[in-house]
Enquirer: 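Handing you a structure now.
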Amino acid sequence: VVLKGHTNSVECCAFNPSKDEILVTGSHDHTLKTWDVAKGTCISTLEAHTKGVWSCQFSSDCKTILTASPDKTIKIWDLSAKDAKSIATFEGHTNAVYWAKFNPQNTLIASGGADAETIIWDVKKGTPLKKIPSKADIVYSVEFSSDGKLMFTTDSDGMLLVYATDDWERIQSAEQKCRAYALSADFGKDSKINDGIFVAYEDKYSRLWKYDGVRNSLDLTKEYGPHSDQVKNNVYHGKSNTLITCCRDGSGKIWDPVTGKLEYNLVGHTDSVSCAAFNGTDPALVATGSWDQSALIYKVPKRTGVRFAE
């Protein structure tokens, strides 16, 4: 399935966990679009921000979606009503916001951007709870562990940082000599690698770091690549034990995270692949978004090869 309708790059995408036929995409055209994947049609378009939509995430109850933008704001959207609307705007960043994520309880939001800090927000109050300065110019991504006790960030200095959320103190770090873009982690009980953090890097690799909470250690375990250009994003699905990498060369790749074997090349985009998402019910159904202004839906069977959009 090819989803076309955006007038600028698709920067983020997410399947609705409660309605698996629904995909949301955010674009540099300032909009957030909702799609019926089975029909390949656009259901709605929200004028979400005054600049692009660079990250999007459904809340755990699937009633709201969180967006972040280079317009320096973060917004929560109510999707339960027929006409979706913004119900909260968080202002405090002084430059573009690259990434924002709910904690598992939906009580906190962590966000990072080009103002060299990570901000922790109290969702109910709509105000900053904590501001964590960064030595790097840009905090590219943020993520919580499944129990909410840890927070991870990546930045333009190549750092992967681990924080304890009880006091927001940094407890561990790992460095590569290149930009560390997006990160993905699945610490859930059904995850096959429930202590792993996958990071996409500028040097054409995605890397798996294992975090040991007992020893408080962060160890490099596996590398996936090299790709032919920068890896801009990577997404791990723990239950199916599948890793997708998104490359600036226009390709998406599916890997076996344990062996490091490349299983599929996802073909169809004509520009940098910026994002990917797994369907909640059927993880063999994956979506990718690209600077070519489209999102593609793939059905990936249990065999290797080249896959074209369905």
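Residues: numbered from 1 along the sequence shown.
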Enquirer: With distance as the sole criterion, is a donor-acceptor pair present between the side chains of Tyr211 and Asn216 under 3.5 Å?
Expert: yes

Enquirer: Could you check Tyr205, Tyr201, Tyr181 and say which one makes a side-chain hydrogen bond (donor to acceptor under 3.5 Å, both in side chains) with Gln230?
Expert: Tyr181

Enquirer: Do the side-chain N and O atoms of Trp54 and Ser69 include a donor-acceptor pair separated by under 3.5 angstrom?
Expert: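 Distance-only check fails for Trp54 and Ser69.
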
Enquirer: Are His227 and Ser251 linked by a side-chain donor-acceptor pair shorter than 3.5 Å?
Expert: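 Judged by distance alone, the side chains do not pair up.
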
Enquirer: Does NZ or CZ of Arg179 come closer than 6.0 Å to the centre of the six-membered ring of Tyr140, within 45° of the ring's axis?
Expert: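 Ring-cation test returns no.
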
Enquirer: Using distance alone, with no hydrogens and no angle criterion, decide if Thr107 and Gln105 have a side-chain donor and acceptor under 3.5 Å apart.
Expert: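 The criterion, which ignores hydrogens and geometry beyond distance, is not satisfied for Gln105 and Thr107.
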
Enquirer: Check Asp71 with Lys75, please: is the shortest side-chain N to carboxylate O separation under 4.0 Å?
Expert: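 Asp71 and Lys75: not salt-bridged.
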
Enquirer: Answer with yes or no whether the side chains of Ser141 and Thr154 bring together a donor and an acceptor at under 3.5 Å.
Expert: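 Distance-only check passes for Thr154 and Ser141.
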
Enquirer: Looking at residues at least two apart in the chain, or sitting in another chain, which of them share a side-chain contact (heavy atoms from CB on, under 4.5 Å) with Thr45?
Expert: Thr31, Lys33, Cys42

Enquirer: Can a salt bridge be assigned to the pair Lys177 and Glu175 using a cut-off of 4.0 Å between side-chain N and carboxylate O?
Expert: yes

Enquirer: How many angstroms lie between CD1 in Ile138 and CG in Asp155, if you round to the nearest 0.5 Å?
Expert: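 Here the interatomic distance stands at 9.5 Å.
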
Enquirer: Counting only heavy atoms not in Lys63 (residues, nucleotides, ligands), do more than 12 fall under 6.0 Å from its NZ?
Expert: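 Counting neighbours around NZ of Lys63, 12 or fewer heavy atoms of other residues, nucleotides or ligands fall under 6.0 Å, so no.
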
Enquirer: Is it the case that the side chains of Ser60 and Asn106 hold a donor-acceptor pair, with the cut-off being a distance below 3.5 Å and no angle test?
Expert: yes

Enquirer: For Trp121 and Ser111, which I'm curious about, is there any donor-acceptor pair between the side chains at under 3.5 Å?
Expert: yes

Enquirer: Go through the side-chain N and O atoms of Thr50 and His30 and say whether any donor and acceptor fall under 3.5 Å apart.
Expert: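 Checked: Thr50/His30 side chains show no N/O donor-acceptor pair below 3.5 Å.
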
Enquirer: Assess whether a salt bridge exists between Lys253 and Asp249, defined as any Lys/Arg side-chain N lying under 4.0 Å from an Asp/Glu carboxylate O.
Expert: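 The answer is no: the pair does not qualify as a salt bridge.
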
Enquirer: Take a 6.0 Å sphere around NZ of Lys72 and say whether it holds more than 12 heavy atoms from other residues, nucleotides or ligands.
Expert: no

